[in-house]
Amino acid sequence: MCGIVGYVGPRQAPSVILAGLKRLEYRGYDSAGIAVFEKNGKMAIRRDVGKLINLESMLQESPLTGHIGIGHTRWATHGEPSQRNAHPHVGMNGRVVVVHNGIVENFMELRAELEAEGIQFQSDTDTEVIAHLLECYLGGGAALDDSVAKVLRQLKGANAIVVMDLEQPDTLICARLGNAGGIAIGLGENEMFIASDIPAILEYTRDMVFLENRQMARLTKDSLLLTDLDGNEIVAEHHAISWDPVSAAKGEFKHFMQKEIFEQPRALIDTLRGRVDFEAGRVILPEMNLTPELAQRLKKLHIVACGTSYYSGLIGKFLFESIARLPTEVEYGSEYRYYDPIIDEDTAVLALTQSGETADTLAACDQAKAQGATMWSIVNAIGSQAMRISDGFISMQAGPEIGVASTKAFTTSIVDQYLLACALGELRGALSPAKLRQLVDDLAQLPDLAGRVLDHDAEYRELANEFFKAEDFLFLGRGINYPTALEGALKLKEISYIHAEGYPAGEMKHGPIALIDESMPVVALVTKDHLYQKMVSQIRQAKARGGVVIALATEGDEAIRHEADHVIYVPEAPALLSPVINVMPLQLLSYHIAVRRGCDVDQPRNLAKSVTVE
Ligand code: AGP
């Protein structure tokens, strides 16, 4: 996934674009570049490999000026990270310049056709194919809009592009094909902005329009023309974005991930806001468009997601089956779309996705809708594709999550599934009013419990100092703590690069216990629940083999001190909501270990915040 910014208006385009790219750098940081049309009517480009800071230094040494431009931060797909592969890319006649997010799946055949016509390629990217194809159509006399539409119709795969044409120096054209990363258009006073994500342009305007699949827009500083790829005008749907720009900044924290971990008490309050009537003991989810008929007709629920969101879905299974008595399956988006799932009109499919733009998850949604399922989503990014294609949705309302490692989106998505399960349970007659009231009341304590976990941050930092040199970690849990163990392992591996595995504790004796020795720390989630004793015996098995055990236990459990080498205490939480609390020490332990190892916590190597390509 890449970051794109475009600007046209009275400001200096380079500074607007650079500031925007900084807010998008989490989307990709293999290289960065910017193109502007200068007052002398010439196109000027600066590009460099590596992080944005390199482009910034280049611009300080060799500044650009201009009132229209486009910029890009790259997460490399085709062509290794290098200056020659950095966007923007120029067509063979030096007339058009393009930035691009997504993958042109048929780019090799298109490139071969262009090379057969004698066109020389300057890079290894699929993007350059787009630039040359545009010049071919323009050279044949086609209008710019028409050329863009023609090129997009030739491309296979999900793609989003922004184009400038030297012969129309006051115009930006942006377009979206499939589920590539979104395109947000910001409408200002006598100026227009384009960005892959809201935070890049939020300081200038809150009035936004989002491109949908197979839509394009022609922008000048004071006009917006939205059409489909056949040139039919579309009435733009404006969104007033309520996020405040400050919340998209680090503030007094060292990293976005740290800030977002500490924002969780607030995020939990925000995700409950307007959705729980504590007086009446009920849940209200207007955007879900639920009806008794629909809720009672449903025979099964499929949850589709990737990464951390998938682990949230594994927890959701416990919630929907226990509270709403709705049979639930959970599947990776990347698998779901290829194994021909059994879907019909009595199936609901729930997509869990912070970004709302994850290609594998969106492809699963497309499949579900095509087969007649009711499509729901729980999403954080406002106006994202997943939200727009759903029959009903719940916004996580967690605020921007910038750190690549997902934290507050994980905990709020669990709570949102809990809310949905309660609403469905009531409509399906699976919950007595008294039981529903108890479930609703249990929500009230969450923000405070989360705050109490954060108060012990210093202990987690101490523990990190003891274990940051480990090269392998094991996270064990049972029942609803098993997905939490999986998430703890993912947090550690993706930001510290330590090999970490989450495992169902009961499975250890079927093989993995052979791994355990004194060099393999074992994090055992052993909070007070019906599986506590089973977990204690697992801890003893690990200890008997020389393992070093870090127990995550319930406050007040003194006995566990005699079983484990280290104990992390968490406040007791209602069983079905316990993952929200139990995961937080694991987030902080991983964070501190990664910091101690000198890793780039917010922009871990090889990763991007939202994977908008397959
Ligand atoms: C989690 O920390 C990772 N950044 C990654 O696994 C992420 O959860 C996954 O890519 C799904 O993203 P989404 O929630 O935006 O769909």
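Atoms within a ligand are numbered from 1 in the order they appear, just like the ligands themselves.
At a 3.5 angstrom cut-off on N or O pairs, Thr361 does not count as close to ligand 1. Note: no N/O pair closer than 3.5 Å links Lys609 and ligand 1 by distance alone. Of the N or O atoms in Val404, one or more lie within a sub-3.5 Å distance of an N or O in ligand 1.
Close placement of the His566 and Phe467 rings is indicated, their centers lying within 6.0 Å of each other. Ring pair Tyr569/His456: centre-to-centre distance not below 6.0 Å. In this structure, Phe473 has its ring center at least 6.0 angstrom away from the ring center of His499. You'll find the ring centres of Phe253 and Phe262 inside the 6.0 Å limit.
The contact set between ligand 1 and Ala405, taken as ligand atoms under 4.0 Å from a residue heavy atom, comprises 2 (O). With ligand atoms numbered from 1 in the order given, ligand 1 contributes 1 (C), 2 (O) to contacts under 4.0 Å with heavy atoms of Ser406.
The nearest heavy-atom contact from the protein to atom 10 (O) of ligand 1 is Val611 CG2, 4.3 Å. Here the protein heavy atom with the shortest distance to atom 11 (C) of ligand 1 is Cys306 O, 3.4 Å. Considering only non-hydrogen protein atoms, atom 8 (O) of ligand 1 sits nearest to Thr308 N, 3.1 Å. Scanning all protein heavy atoms for the shortest distance to atom 12 (O) of ligand 1 gives Thr358 OG1, 3.5 Å. Annotation: atom 14 (O) of ligand 1 to nearest protein heavy atom, Ser309 OG, 2.6 Å. Distance from atom 2 (O) of ligand 1 to its nearest protein heavy atom, with residue and atom name: Glu494 OE2, 2.4 Å.
Applying the side chain to side chain donor-acceptor pair (under 3.5 Å) criterion to Ser322, with sequence neighbours excluded, gives no partner residue. Tyr497 is linked by a side chain to side chain donor-acceptor pair (under 3.5 Å) to nothing, counting only residues two or more places apart in sequence or in another chain.
Ring planes of His87 and His100: parallel class, angle under 30° (limits at 30 and 60°). Classification of the Phe193-Tyr204 ring pair by plane angle, with boundaries at 30° and 60°, yields parallel. The aromatic rings of Tyr332 and Tyr310 lie parallel to each other, their planes meeting at an angle below 30°, with 60° marking the opposite boundary.
Ligand 1 is never approached by Ser610 to a heavy-atom distance shorter than 4.0 Å. Remark: distances from the non-hydrogen atoms of Lys491 to ligand 1 include one below 4.0 Å.
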